[in-house]
Amino acid sequence: MHSFDKDPDHIAVEQVLRYARERLLMDPIPLDGPQTEDYLRSAAGQTITAAGLGATRAMELFQHTLAPACLSTDHPRYLSFIPCAPTREAAAFDVVVGASSVYGGSWLEGAGAVYAENQALRWIADLAGLPEEAGGVFVPGGTVGNLSALVVARHTARNRAAEAGTGARPWRIAATDNAHSSVVSMAAVMDAEVCGVHVDEKLRMTGPELRRTLEEHGPETFFAVVATSGTTNFGVVDDLESVADVCEEFGLWLHVDGAYGGAGLAAPSVRHLFNGIERADSFILDPHKWLFAPFDCCALLYRKPELARLAHTQEAGYLDVLTQAPEWNPTDYSIGLTRRARGLPLWYSLAVHGTDAYVEAIEGTLDVVRHAAREIGQRPHLELVREPDLSVVVFRRLGWGPADYQAWTDRMLAAEFAFVVPTTFRGETLTRFAVVNPHTTKEDVTAILDTMG
Ligand SMILES: *Cc1c(COP(=O)(O)O)cnc(C)c1O
């Protein structure tokens, strides 16, 4: 008997698919919540053993002990950080991706998957107004997307400097304080330096402030500008038009980080905020945030993908058959080699529903946030910090300090009523709703606000 043939009746397959089916169709879903390691050690015990637990016991452990100790980020009242609320179709298709052993790194091995993923990428490129030649790859998240794009920006800038014989090796990135934490982290990975650009009164990067930063440090020392189209805390979209003007003037790579907010491109009511994005050299958008796809999925797009290919293609004798082929190999456009065809759940859901349903769902979340802002404005003990542009809203409870916000968060989580954590801005503790779940209703946000006394 083969060592993996302990389950001739395929009990594991039946049980896993039954669980997946139940979870995919569950309504309502429980919020659940974290447990201590001591609790898990006593409830689950040692799960990896020499003889194995068998399919039934392992599934029971997951269903009754481990899964309930994980928050459901798709719960309609999970409004912290950026939730993940895939469509049922996208989440279901993720099971298929796992079941199919598709290799998504090369055309040779995964042509059908790459073709489908590229159509989903094309839809996003069209929303942004990127040219026909634009293209890219789905990577695990915005952090890897930002890093991959910035590596291309630096590679391109250094090649250009080498050709011009200036000997310059630009190492700086311009970004505002509101740029995502991953920009600073990934700059550290690259041994690059982030120079802060001041924001205007709307918390945006603008061309004039960008110019001031570039001139202060010497424009030739920069290789990229990172603008954000939807900051994580507030949903602020930088003034991309004036920023693009300055990038063009100095010949600088413009990377637009739309990991959270990029999905707003599909919503007519906020599309104007993104004007200028069509001039980006690279752009990211996380479908696992506001585009109803499961973890983990970031669309990374380049205006000129051949520049990315030059920076990222890995060369080795055993890869020649791939790298010398003329077809599109997704792996050549980001860091990493092996890749899951992680764009397929988004592709399937888009193919099923059509893009109009996405436009409607995104507008729906914007409506819920506008409702929350109105409710906050009408309550004397609550105050908006800033009118929301996209689907996050930050507000204060007058009279509360950090401990009050935390105690409120803890109470709501313990009751499995809602998950809303505090945030801070300029030293002040505040709270924040991020709505990316089409099942979050106006009644949900009203009910949460009602608990703030
Ligand atoms: C979430 C986020 C990121 C990081 O994306 P991950 O998928 O979490 O790695 C980068 N930029 C912005 C603006 C984000 O909101």
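Remember, it's 1-based here, ligands and their atoms both numbered in the order they're listed.
The main-chain N or O of V144 is found under 3.5 Å from a side-chain atom of S148 such that the two form a donor-acceptor pair. Although no hydrogens or angles enter the test, the distance criterion places a donor-acceptor pair under 3.5 Å between the side chain of R386 and the main chain of K202.
Salt-bridge annotation for R379 and D450: present, with a side-chain N of the basic residue lying under 4.0 Å from a carboxylate O of the acidic one. Between R154 and D191 there is no salt bridge, since no side-chain N of the basic residue sits under 4.0 Å from a carboxylate O of the acidic one.
Taking a 6.0 Å sphere around CZ of R271, one finds it holds more than 12 heavy atoms contributed by other residues, nucleotides or ligands.
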Tabulated below should be the N or O atoms of ligand 1 paired with protein N or O atoms at under 3.5 Å; can you produce that?
residue  : atom   : partner : partner atom : Å
ligand 1 : 5 (O)  : G142    : N            : 3.1
ligand 1 : 5 (O)  : D286    : OD2          : 3.4
ligand 1 : 7 (O)  : G142    : N            : 2.7
ligand 1 : 7 (O)  : D286    : OD2          : 2.6
ligand 1 : 7 (O)  : H288    : NE2          : 3.3
ligand 1 : 9 (O)  : G142    : N            : 3.1
ligand 1 : 9 (O)  : T143    : N            : 2.8
ligand 1 : 9 (O)  : T143    : OG1          : 2.7
ligand 1 : 11 (N) : D257    : OD1          : 3.1
ligand 1 : 11 (N) : D257    : OD2          : 2.6
ligand 1 : 15 (O) : T232    : OG1          : 2.8
ligand 1 : 15 (O) : K289    : NZ           : 2.9

Taking distance alone, no hydrogens or angles, what donor-acceptor pairs closer than 3.5 Å link side-chain atoms of residues 414-426 to residues at least two apart or in another chain?
residue : atom : partner : partner atom : Å
E416    : OE1  : D32     : N            : 3.0
T423    : OG1  : N233    : OD1          : 2.8
T423    : OG1  : N233    : ND2          : 3.4

